[in-house]
Number of protein chains: 2
Amino acid sequence: MPRAGLSTAAVVDAAVAVIDDAGPGGLTLAAVAAHTGVAAPSLYKHVTGLGELRTLVGARVIEEVTDRLSAAVLGRSRDDAVTALMHAYRGYVVAHPGRYAAIPPDPLRDPALADAGSKLLDVFLAVMHGYGLRDAPAVHAVRNLRSVVHGFTAIETSGGFGLAESLDDTYAQLIEMVLAGLPRSPR
Amino acid sequence: MPRAGLSTAAVVDAAVAVIDDAGPGGLTLAAVAAHTGVAAPSLYKHVTGLGELRTLVGARVIEEVTDRLSAAVLGRSRDDAVTALMHAYRGYVVAHPGRYAAIPPDPLRDPALADAGSKLLDVFLAVMHGYGLRDAPAVHAVRNLRSVVHGFTAIETSGGFGLAESLDDTYAQLIEMVLAGLPRSPR
DNA sequence: CCACAAAGCTATGCGCATTAGCCAAGAATG
DNA sequence: CATTCTTGGCTAATGCGCATAGCTTTGTGG
């Protein structure tokens with residue numbers, strides 16, 4: 001019997017693949033096992049269980065999102081940065097809806113995700129710094145921004161916007177709304 | 001064996017109770033059966049399965065939300081109505097996070113929910129009419145509003161806002177942002 | 001009183017997570 | 001090169017939840 005040569009990372013890879021075409025709800029150890037060509041119990045040699053696997057996938061995805069967003073705002077500031085951030089965010093979610101949905105809702109609470117989560121938060125905070133926002137005002141602004149992008153993309157990817165009007169148009173308007181809500185201090 | 005005297009409605013009641021203290025993830029036929037004092041298979045006499053039960057719960061919740069929101073905007077218009085709507089929305093979600101999370105993401109697609117869903121949508125649309133918005137502009141405005149309230153409440157109830165700053169303050173700012181984003185045509 | 005529909009039950013099967021315990025692959029050691 | 005031992009894989013078995021089948025009882029209407 002040749003060994004499969006798995007590793008924790010490889011199992012997470014497989015899990016991401018499973019999520020990509022079955023959604024987070026389709027993430028089962030059985031599916032991951034099938035995908036890696038191994039019997040389900042063997043996965044326990046690399047992962048303590050389904051719970052940990054979910055956490056690991058979450059961390060992986062958060063890092064991926066952080067990379068994308070960082071790249072998108074690189075070299076930009078203020079409205080330019082916010083616009084780029086919002087487009088990149090939506091772009092990621094649309095490209096990988098399953099992965100996005102696999103992010104646990106409260107990463108900052110879980111020690112295993114706190115690190116990745118706070119790095120992602122830092123990207124948002126950095127953009128707010130460009131407006132001279134710090135501390136509480138920056139926190140509120142980031143929350144607003146997160147609410148907007150998460151809300152829109154969550155509804156969009158779950159097919160919650162029933163009607164036919166262009167979603168791009170809606171999103172453009174949403175970006176305007178956010179920009180208008182940020183401090184207009186002269187540059 | 002005295003009969004339990006169940007009915008579809010009673011089963012849905014029990015399901016809502018289960019969701020209230022275990023979240024939508026805790027909704028299992030076994031739990032509902034335990035709650036109603038009946039054996040699990042007996043539930044099939046009132047419901048075709050877990051799937052239908054979820055749908056029925058969804059419809060129930062959507063109607064409840066619609067009632068709350070309608071009442072909140074009754075007699076109000078424009079900014080006043082939007083503010084009331086947003087507060088009522090958040091109020092419901094905070095009061096019943098499990099129920100809110102039990103709403104299927106795309107009610108308009110499911111024939112069994114389309115009716116309830118479109119009535120809820122009508123409440124939002126009616127508020128937009130107060131600004132003279134119709135058709136496409138109204139649709140975009142409703143989408144924006146939904147994105148904001150859904151995003152904020154989803155993150156709030158899942159504990160996704162890690163830091164200590166006041167969520168009420170954030171929400172107040174969010175309301176301002178929304179109001180500022182709506183057409184300012186003189187009244 | 002009787003028949004029959006409705007509402008409950010037990011028994012069973014299936015899929016998935018998880019645990020326990022066995023065995024072989026292959027690296028490390030002499 | 002032979003031996004050992006760790007490690008990654010396996011099969012078997014348990015438990016839980018959904019679902020189906022088929023029996024039994026309730027209680028209602030003739």
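Reckoned from all heavy atoms, side chains included, excluding hydrogens, waters and symmetry mates. Just so it is clear: chains get the letters A, B, ... in the order the sequence lines come, proteins before strands, and each one is counted from 1.
Using a 4.0 Å cut-off on heavy atoms, the residues of residues 6-31 of chain B that approach DNA chain D are B/Thr28, B/Leu29, B/Ala30, listed by number. Within residues 32-54 of chain B, the residues having any heavy atom under 4.0 Å from DNA chain C are, by residue number, B/Val38, B/Ala39, B/Pro41, B/Ser42, B/Lys45, B/His46.
In this structure, B/Ile19 and B/His96 have side chains that are not in contact, with every pair of non-hydrogen atoms separated by 4.5 Å or more. Considering only heavy atoms from C-beta on, B/Leu145 comes within 4.5 Å of B/Leu85 through its side chain. With contacts defined as side-chain heavy-atom distances shorter than 4.5 Å, the pair A/Leu50/A/Thr28 does not qualify. Contact check for A/Val123 versus A/Ser70: side-chain heavy atoms found under the 4.5 Å cut-off.
Taking the six-membered ring for Trp and thresholds of 30 and 60 degrees, B/Tyr89 and B/Tyr100 have ring planes more than 60 degrees apart, a perpendicular arrangement.
Note on B/Arg90 versus B/Asp168: salt bridge recorded, some NZ/NE/NH1/NH2 to OD/OE distance being below 4.0 Å. The pair A/Asp110-A/Arg54 does not meet the salt-bridge criterion, since no charged nitrogen lies less than 4.0 angstrom from a carboxylate oxygen.
Cation-pi geometry between A/Arg143 and B/Phe161 is satisfied (NZ or CZ under 6.0 Å from the ring centre, within 45° of the ring normal).
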For a ring pair (Phe, Tyr, Trp, His ring centres under 6.0 Å) check, start with the C-alpha distance between B/Tyr171 and B/Phe152, then their side-chain angles and the critical distance, and finish with the verdict. CA-CA 8 Å; B/Tyr171 201 62; B/Phe152 181 88; 4.7 Å; yes
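Listed for the A/Thr48 side chain is no donor-acceptor partner under 3.5 Å among the backbone atoms of A/Tyr44.
Direction change of the helix axis from one end of the helix from C/dC1-D/dG30 to C/dG30-D/dC1 to the other is 10°, with five pairs defining each end axis (rounded to 10°).
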